[in-house]
Engineer: 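Pasting a structure here, questions to come.
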Amino acid sequence: MTDTPQQLAAAYQPGDVEHRRYEHWLASGYFGADAKSDRAAFSIVIPPPNVTGSLHVGHALDHTIQDALIRRKRMQGFETLWLPGMDHAGIATQNVVERRLAAEGLSRHDLRREKFVERVWQWKAESGGAILGQMKRLGDSVDWSRERFTMDEGLSRAVLTMFKRLFEDGLIYRAERIINWCPRCLTALSDIEVEHSDDEGELVSIRYSDDIVVATTRAETMLGDTAVAVHPDDERYKHLVGTEVELPLTGRRIPVVADEHVDPAFGTGCVKVTPAHDPNDFEIGQRHGLPSITMMDERAVITVHGPFQGLDRYEARPAVVAALREMGLIVSEKRPYVHAVGHCSRCKTTVEPRLSLQWFVKTEPLARAAGDAVRDGRVRIEPESLAPRYFSWVDNMHDWCISRQLWWGHRIPVWYGPGGEVVCVGPDEQPPSGEGWQQDEDVLDTWFSSALWPFSTLGWPDETEDLAKFYPTSVLVTGYDILFFWVARMMMFGLYAMEGRQPFDVVALHGMVRDQYGKKMSKSFGNVVDPLDWIDRFGADATRFTLAKGANPGADVPVSEEWCQGSRNFCNKLWNATRFALMNGATVEGGLPTELSTVDRWILSRLQQTIAEVDEQFEAYEFAKVCDTLFHFAWDDVCDWYVELSKAAPSPRVLGHVLDQLLRLLHPVIPFVTDELWCALTRSDASVMVADWPAVDPSYVDDAAEASIERLQRVVTEVRRFRSDQGLKPGQRVAATVSGIDEHEALVRSLARLDEPGEGFAASATVTIAGGVVVALDTRGAIDVAAERARLTKDRAVAEKEITQARAKLGNEGFLSKAPADVVAKLRGRLATAEADIARIDDALARLSS
RNA sequence: GGGCGCGUAGCUCAGCGGAAGAGCAUUCGCCUUACAAGCGAAGGGUCGCAAGUUCGAACCUUGCCGCGCCCA
């Protein structure tokens with residue numbers, strides 16, 4: 001399995017490595033969690049993707065973050081569990097299977113319920129299998145032995161148990177209420193399954209009487225009006241309250257009622273009241289004891305009043321308006337009139353508020369507990385700035401409609417008897433048998449089972465070892481868009497079912513993946529990224545690194561193909577650095593030598609700093625910063641400087657150690673390439689994923705070495721700049737004397753490509769650097785005086801500006817008396833340096849003129 | 001209408017009280033034997049606008065302008 005140095009290809013080819021590595025991890029059992037272990041637990045349950053979908057780039061982001069957290073904790077010695085699974089996605093999945101049936105010319109009713117559900121299970125196997133394959137391509141280190149599905153036997157037991165408990169506690173009830181109804185899916189929806197958008201409609205004002213004009217965007221619903229309402233304090237209408245008006249077209253007489261809810265400033269201050277087709281009107285109806293007239297069927301087709309009967313709601317609207325216009329009752333019409341309209345989140349059909357008998361969860365006590373758990377700090381939302389969104393949801397939650405008129409899902413465990421009995425049947429209980437008993441036809445909202453996910457997947461309601469070891473889970477990683485869809489519901493159910501113990505300690509929220517211009521990805525816009533496409537072309541590591549590099553807490557994550565190429569390049573950089581190291585005898589054997597050069601002490605010190613920063617950033621869920629820190633340490637410090645310096649002064653054991661540690665640090669984010677390289681470097685046939693996470697060794701922190709190498713870097717950079725300005729080719733060696741850099745002269749010569757002065761050496765230009773370093777170069781006569789003058793003049797301007805600023809501040813009494821001493825001292829130092837620079841530069845300019 | 005957030009280099013974003021940063025893009029020069037998926041160097045910003053607090057503001061406060069998102 002281990003590559004020898006000779007076999008390391010000239011460039012990293014992810015395709016050769018990824019599959020082999022993943023199979024090796026699986027075969028070695030590295031992903032498995034042991035509930036009997038003595039180690040401290042760290043657990044994450046995966047936000048279950050819809051079984052009927054496929055993984056998009058947003059999942060790839062979500063999984064990358066979770067995998068990074070899990071892999072680091074595993075290396076830190078925790079007993080880690082990352083539990084995978086999927087949810088059954090009631091409406092979405094049923095829709096997909098119905099579409100497939102339609103292609104065969106069948107409807108679900110042709111198959112009947114039982115056969116239809118069989119077909120859905122077939123589709124589940126097919127679609128779900130594809131998702132598992134995608135997760136493996138991403139490198140997800142999930143415990144496959146614990147994979148769960150919301151419809152599997154154990155989770156179904158959990159659903160029944162929960163339903164029964166809530167039912168018996170009076171937290172589940174059945175009632176006739178206005179609910180969101182999708183006339184296409186033919187099912188109820190919860191509030192959160194409705195998406196609002198500002199759509200163009202019309203605002204029509206209709207005269208109901210001499211005194212009363214109402215404005216409405218839904219003229220057709222006037223057929224179901226049972227009252228007109230005005231504000232009780234509205235002087236214009238006070239005298240009409242208690243009277244009746246004749247409802248046009250129908251001839252019905254309806255009362256005028258006074259209700260606080262009416263906004264007297266909107267329109268005429270009179271509103272029509274249609275209790276069966278509007279949630280606000282329903283409440284007005286309740287308060288005033290008004291009748292409810294349902295005037296549409298479940299497909300939103302008009303069922304009342306002859307001329308309009310049989311018309312769809314959109315046909316009925318113009319028909320009603322035309323009829324009213326003919327009667328001279330239309331006062332005004334405004335088109336387009338933009339207003340908020342609700343749409344089914346699954347099929348985008350305009351939602352119809354509908355009076356209907358449904359099951360509800362009484363959320364008030366559950367939601368308050370869910371809010372309190374965050375308020376009192378038992379659950380932390382990261383980043384904290386998103387907590388207000390959470391509170392605004394849990395503190396204003398409406399009762400949750402949980403019944404769905406679908407066939408795919410957990411059937412409501414309630415049986416109705418011939419005498420009107422209602423019996424809730426728990427798991428292991430026999431439903432009542434005999435003549436006339438019937439089970440409720442509906443199924444439960446998918447989110448009902450998803451809300452149990454953090455504990456149902458661990459075996460609840462049984463008291464399992466998994467539950468004891470891994471609950472509460474350590475962190476939940478998900479997008480902020482799902483904070484109330486799912487997070488709030490898990491909190492409610494978790495706290496309730498687990499005796500007040502929260503489902504997770506931390507909620508780490510990330511944003512949505514967007515394109516490189518910050519635009520939302522959409523099929524119609526053509527900017528959607530398929531993570532598998534990127535994995536094929538750039539590798540899983542590059543894809544993961546690109547996503548993680550953009551993941552600032554709670555913020556959206558822009559990505560682009562170019563950036564993914566950059567990540568691919570980074571992987572290749574690591575590959576080649578390791579290749580170089582192996583070709584030059586780098587090794588981890590024998591540990592670090594006791595005798596260390598300044599350069600060695602510098603890189604080891606930088607390594608300690610990097611470990612400390614990465615640890616801190618990981619703990620704060622700052623994945624973008626983790627990537628940034630490691631990227632710069634790897635590329636700038638290790639590759640650009642340490643490897644280059646080591647060419648002049650090889651130090652194979654230090655180089656081996658630094659790469660070993662670097663690969664460990666990077667492994668959580670880019671697992672494949674780091675494992676391949678680490679195994680090659682350490683001659684291991686195991687894996688870096690079970691190696692120890694690096695720890696800071698304070699004895700290797702060395703400020704003096706860091707300062708020394710920074711000085712060296714400045715000298716080398718200045719000489720390079722001179723060379724570039726003078727048009728000297730990078731490869732061209734130049735004779736020079738170097739003074740004032742003591743122990744580093746050989747290194748400066750190596751990196752700046754300077755030869756020892758030989759016979760007939762004649763310096764034609766001098767580069768001086770603050771701190772007394774002087775490099776005198778023999779450029780073989782021709783020196784570009786203009787370029788050199790320009791360079792020096794620019795440096796002088798920088799120094800002048802510095803002096804001006806520093807003197808202004810240091811001449812300010814307020815600054816001297818109030819600023820901290822160290823700030824003043826630093827500024828004095830800067831001023832002195834700048835003044836010395838000016839002298840040095842002026843000297844050089846003078847010599848240039850002579 | 002209510003709430004939250006954001007306006008910093010051409011693009012995407014860090015920085016959030018004491019010298020304006022990164023990646024990509026741009027310009028110039030290089031196949032300097034780990035890497036052209038690379039190396040070296042350079043250019044580029046009145047930190048949305050305006051007041052205020054402070055010795056000192058991209059950073060704190062207020063107002064305005066522009067842009068998102070969530071909830072009604």
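All chains are named by letter (A, B, ...) in the order of the sequence lines, taking the proteins before the strands, and each is independently numbered beginning at 1. Values in this document were obtained by computation on a predicted structure and should not be read as measured data.
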Engineer: For the P atoms, the ones on B/C67 and on B/A72, what distance do you get once it is rounded to whole angstrom?
Structural biologist: 24 Å
Engineer: Flag the pair A/Asp822 and A/Lys826 as a salt bridge only when some basic side-chain nitrogen lies within less than 4.0 angstrom of an acidic carboxylate oxygen.
Structural biologist: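 No salt bridge links A/Asp822 with A/Lys826.
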Engineer: So what does A/Val559 hit on the nucleic acid, given a heavy-atom distance under 4.0 Å: a base, only sugar-phosphate, or nothing?
Structural biologist: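 Touches nothing.
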Engineer: Counting side-chain heavy atoms from C-beta on, which of B/G23, B/G40, B/A22 comes nearest to A/Lys549?
Structural biologist: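 Nearest nucleotide to the side chain: B/G23.
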Engineer: Have a look at A/Cys571 and say if it touches a base, only the backbone sugar-phosphate, or nothing, with a 4.0 Å heavy-atom cut-off.
Structural biologist: nothing
Engineer: Do A/Lys625 and A/Glu613 meet the salt-bridge criterion of a basic N to acidic O distance under 4.0 Å?
Structural biologist: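 Between A/Lys625 and A/Glu613 there is no salt bridge, as every charged N stays at least 4.0 Å from the carboxylate O atoms.
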Engineer: Looking at A/Arg840 and A/Asp837, is there a salt bridge between them, counting it only when a charged N and a carboxylate O are closer than 4.0 Å?
Structural biologist: yes
Engineer: Any side-chain heavy-atom pair from A/Leu386 and A/Pro383 closer than 4.5 angstrom?
Structural biologist: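 They are in side-chain contact.
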Engineer: Does A/Lys573 put a side-chain nitrogen or oxygen below 4.0 Å from OP1 or OP2 of B/C39?
Structural biologist: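 Checking B/C39 against A/Lys573, a side-chain N or O does come within under 4.0 Å of OP1 or OP2.
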Engineer: Look at the side chain of A/Lys794 and decide which nucleotide, out of B/C35, B/A22, B/G43, has an atom nearest to it.
Structural biologist: B/G43
Engineer: Do the side chain of A/Arg177 and the main chain of A/Cys401 share a donor and acceptor less than 3.5 angstrom apart?
Structural biologist: no
Engineer: I need the CZ-P distance between A/Arg791 and B/G29, as an integer number of Å.
Structural biologist: 19 Å
Engineer: Say we look at B/A22 and B/C64: how far apart would their C1' atoms be, to the nearest angstrom?
Structural biologist: 32 Å
Engineer: Could you give the distance separating B/G40 and B/U33 at their P atoms, to the nearest angstrom?
Structural biologist: 14 Å
Engineer: Kindly indicate, with the supporting measurements, whether the criterion side-chain contact (heavy atoms from CB on, under 4.5 Å) is fulfilled by A/Phe282 and A/His277.
Structural biologist: CA-CA 7 Å; A/Phe282 179 77; A/His277 295 279; over 6 Å; no
Engineer: How long is the line joining CG of A/Leu659 and C1' of B/A34, in whole Å?
Structural biologist: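 Rounded to the whole Å, the gap is 11 Å.
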Engineer: Reading nucleotides 6-19 of chain B 5' to 3', which nucleotides get B (base under 4.0 Å from a protein heavy atom), which S (sugar-phosphate only), which -?
Structural biologist: -----SSSSS--BB
Engineer: Categorize A/Arg753 for me: base, sugar-phosphate, or nothing, with a 4.0 angstrom heavy-atom threshold over every strand shown.
Structural biologist: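 Counting heavy atoms under 4.0 Å across all strands, the contact made by A/Arg753 includes a base.
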Engineer: Could you check whether A/Glu718 gets within reach of a base, just the sugar-phosphate, or nothing at all, counting any heavy atom under 4.0 Å?
Structural biologist: nothing
Engineer: Does a side-chain N-to-carboxylate-O contact under 4.0 Å join A/Glu800 and A/Arg796?
Structural biologist: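 Judged by the 4.0 Å cut-off on N to carboxylate O distance, A/Glu800 and A/Arg796 do form a salt bridge.
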Engineer: Taking B/C65 as the reference, what is the distance to B/C28 when you measure between their C1' atoms (whole Å, please)?
Structural biologist: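 Roughly 41 Å separates the two C1' atoms.
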Engineer: How would you label the contact of A/Asp640 with the nucleic acid (heavy atoms, under 4.0 Å): base, sugar-phosphate, or nothing?
Structural biologist: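 Sugar-phosphate, backbone atoms only, no base.
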Engineer: When the distance from CG of A/Asp481 to C1' of B/C4 is rounded to whole Å, what number comes out?
Structural biologist: 16 Å
Engineer: Specify the separation, in whole Å, of atom CD of A/Glu644 and atom P of B/C35.
Structural biologist: 11 Å
Engineer: Under 4.0 Å between a side-chain N or O of A/Arg723 and OP1 or OP2 of B/A41?
Structural biologist: no
Engineer: Report yes if a side-chain nitrogen or oxygen of A/Lys647 is closer than 4.0 Å to either non-bridging phosphate oxygen (OP1 or OP2) of B/A34; otherwise report no.
Structural biologist: yes
Engineer: Is A/Arg720 close enough and on-axis enough to A/Trp641, meaning under 6.0 Å and within 45°, for cation-pi?
Structural biologist: yes
Engineer: May I have the step-by-step check of salt bridge (Lys or Arg N to Asp or Glu O under 4.0 Å) for A/Arg368 and A/Glu364, ending in yes or no?
Structural biologist: CA-CA 6 Å; A/Arg368 194 180 34 211; A/Glu364 200 276 326; 3.4 Å; yes
Engineer: A/Lys729 or A/Ala10: which one's nearest nucleotide on RNA chain B is closer to the 5' end?
Structural biologist: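 Residue closer to the 5' terminus by nearest nucleotide: A/Lys729.
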Engineer: Checking only heavy atoms, does the side chain of A/Arg568 share a donor-acceptor pair with the base of B/A37 at less than 3.5 Å?
Structural biologist: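 Between B/A37 and A/Arg568, which were checked side chain against base, a qualifying N/O pair under 3.5 Å is present.
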Engineer: Within less than 4.0 Å of OP1 or OP2 of B/G38, is there a side-chain N or O belonging to A/Trp575?
Structural biologist: no
Engineer: How far, in whole Å, is B/G44 from B/A51 if one measures between their C1' atoms?
Structural biologist: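 Their C1' atoms lie roughly 31 Å apart.
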Engineer: Relative to the 5' end of RNA chain B, which residue comes earlier, A/Phe570 or A/Tyr480, by the nucleotide with the nearest heavy atom?
Structural biologist: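 Upstream on the strand: A/Phe570.
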Engineer: Separation of A/Asp795 atom CG from B/A42 atom P, in whole Å?
Structural biologist: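 Going from A/Asp795 (CG) to B/A42 (P), I get 10 Å.
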Engineer: According to a strict under-4.0 Å criterion, is A/Asn569 in side-chain N/O contact with OP1 or OP2 of B/G38?
Structural biologist: yes
Engineer: Measure from CG on A/Asp628 to P on B/C24 and round the result to the nearest Å.
Structural biologist: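 So the two atoms are 11 Å apart, to the nearest Å.
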Engineer: In whole Å, measure the gap between the C1' atoms of B/G10 and B/C4 for me.
Structural biologist: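 About 30 Å, rounded to a whole number of Å.
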Engineer: Return one dot-bracket line describing RNA chain B 5' to 3' (Watson-Crick or G-U wobble pairs, both distances under 3.5 Å; ( ) same strand, [ ] crossing, | another strand, . none).
Structural biologist: ((((((((.[[[[.)..(..]]]].(((((.......))))).....[[[[[..)....]]]]]))))))).
Engineer: Side chain of A/Phe631 only, please: which of B/G23, B/A42, B/C30 is the nearest?
Structural biologist: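 Output: B/G23.
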Engineer: Roughly how many Å is it from NE2 in A/His343 to P in B/C71, rounded to a whole number?
Structural biologist: 13 Å
Engineer: What nucleotide among B/C55, B/A41, B/G38 has an atom nearest to a side-chain atom of A/Asn812?
Structural biologist: B/C55
Engineer: Could you tell me the separation between the CH2 atom of A/Trp534 and the P atom of B/A37, rounded to a whole number of Å?
Structural biologist: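 So the CH2-P distance, A/Trp534 to B/A37, works out to 19 Å.
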Engineer: Would you say the side-chain atoms of A/Asp755 pair up with the backbone N or O of A/Ala735, donor to acceptor, closer than 3.5 Å?
Structural biologist: no
Engineer: Choose from B/A41, B/A34, B/G23 the nucleotide whose nearest atom is closest to any side-chain atom of A/Met583.
Structural biologist: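 The answer is B/A34.
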Engineer: Establish, yes or no, whether the cationic atom of A/Lys647 lies under 6.0 Å from the six-membered ring centre of A/Phe580 and within 45° of the ring axis.
Structural biologist: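 Pair A/Lys647/A/Phe580 counts as cation-pi.
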Engineer: Between A/Val17 and A/Val673, is any pair of side-chain heavy atoms under 4.5 Å apart?
Structural biologist: no
Engineer: Would you call A/Arg749 and A/Glu756 a salt bridge, taking side-chain N to carboxylate O under 4.0 Å as the test?
Structural biologist: yes
Engineer: Considering only atom P, compute the distance from B/G45 to B/C11 and round it to an integer number of Å.
Structural biologist: 13 Å
Engineer: Just checking A/Thr578: base, sugar-phosphate only, or nothing, at a heavy-atom cut-off of under 4.0 Å?
Structural biologist: nothing
Engineer: Mind checking the P distance from B/C70 to B/C16? Whole angstroms is fine.
Structural biologist: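 Rounded to whole Å, the distance is 29 Å.
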